[in-house]
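Below is one structure, written out as structure tokens, with a few remarks after it.
Just so you know, ligand 1 is whichever comes first in the structure, and atom 1 is the first atom listed for that ligand. Numbering starts at 1 and runs along the sequence shown.
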Amino acid sequence: MTSATSAIDIDLVSDTATRPSRDMLARMMTAETGDEQRGEDPTVLQLCERIADLLGMDDALFLPSGTMCNQIAFLVHCRPGDEIIAADSAHVFGSEGAGASALAGAQFHTIATPNGIFDAAAVAAHIRTPRMRRPRSRVVAVEQTTNRGGGAIWPVEELAAIVALAREHSLAVHMDGARLFNAVVAANTPAKAFTAGFDSAWVDLSKGLGCPVGGVLAGSKDFIAEAWHWKHRLGGAMRQSGILAAAGLYALDHNIERLAEDHANARLFADIVRGLDGVTVSPENVVTNILFLELGARLDAADIAARLKEHGIRIGVEDPRRMRVVTHLDVTRAGVKQAAEAFVEIVQGMAA
Ligand SMILES: *Cc1c(COP(=O)(O)O)cnc(C)c1O
């Protein structure tokens, strides 16, 4: 691993830090390609078919990023003035440059929730009664797993209850499945059980799956036909992108089951730092590959990050009292242990 900007050996800032492995690159180099825009790239078609099948959807669309998957879904589902119900910590609300309002003309009606998960009753409380002067409730968006919520997993039953409620109110249901496969592995549940009844759902290839680029958005034939228009309009229709889709196919074959290692490594980090004076691990039970470290008043996140950097270690600074650790396939168990032990040593040194 080389980097032009720093000598970080253990990067736990995000699971986007992964580089394509040699075997993944080999698959990319031998990919059959064609003009994707014309529906002629066989590798892209194969990837879309596999993801649609995994998610129990009729069709799917290859896109350059997860953000574009979310934005295109809202562009298809919403008209200007519509409202999207989502968690207050949702990526679509806080981390996509207000894309839903800037592009689709939709606004958010957010639900306050500590871990990014809400129930059908909370959705019901956020659905607007139809009146001329009210925004029109249009979409419920959930995030599997929850990013800012600490990698929490939505239970299948909760999702089914939300789908049923949404149907009653003619709302679309959208899943930001950036880390859907982390939930699949951790809960030992097929992806399509989570996405059952959803109008749209997508998975990110460039997070835990270890691809350099890409997301795949799935839905009904009609939904994907509309989504294709937006893919073109936004400049997301590519050409010989089979070379990128090949990385996705490689990841589906090799990088799903192994997500369990990332989850075990995140738990290892939590176990090593738990009980440390002035540090609280959140969530208490780490279930997937994300955890937060809440710092007491004497500790400063930027300060800790600067000292970790001297050891070639990077973890996320969320705010002065909050740090984030994300495990992934480019960090070994030994590396995670080393990072956690360095964190403990630094924090103890600050207390002394
Ligand atoms: C990373 C992420 C996205 C956006 O994906 P990109 O591929 O980085 O555009 C959307 N939602 C969640 C929950 C994410 O973690």
Show me the donor-acceptor pairs, under 3.5 Å and distance only, between side chains in residues 269-284 and residues at least two apart or in other chains.
residue, atom, partner, partner atom, Å
D271, OD1, R274, NH1, 2.8
R274, NH2, E284, O, 2.9

Using a cut-off of under 3.5 Å, which N/O atoms of ligand 1 pair up with protein N/O atoms, and what distance separates each pair?
residue, atom, partner, partner atom, Å
ligand 1, 5 (O), D204, OD2, 3.0
ligand 1, 7 (O), G66, N, 2.8
ligand 1, 7 (O), D204, OD1, 3.3
ligand 1, 7 (O), D204, OD2, 2.8
ligand 1, 9 (O), G66, N, 3.2
ligand 1, 9 (O), T67, N, 2.8
ligand 1, 9 (O), T67, OG1, 2.7
ligand 1, 11 (N), D176, OD1, 3.2
ligand 1, 11 (N), D176, OD2, 2.5
ligand 1, 15 (O), N147, ND2, 3.0
ligand 1, 15 (O), R179, NH1, 2.8
ligand 1, 15 (O), K207, NZ, 2.9

Are H77 and F223 close enough that their ring centres sit under 6.0 Å apart?
-> yes
Minimum heavy-atom separation for V163 to G197, with atom names?
-> CG1-O, 3.7 Å
Answer yes or no for R27 and Y250: cation-pi contact, defined as NZ/CZ to six-membered ring centre under 6.0 Å and angle to ring axis within 45°.
-> no
For this output row, return yes or no: ring centroids of W154 and F118 closer than 6.0 angstrom.
-> yes
Rounded to the nearest 0.5 angstrom, the CD1-CZ distance for I315 and F343 is 5.0 Å
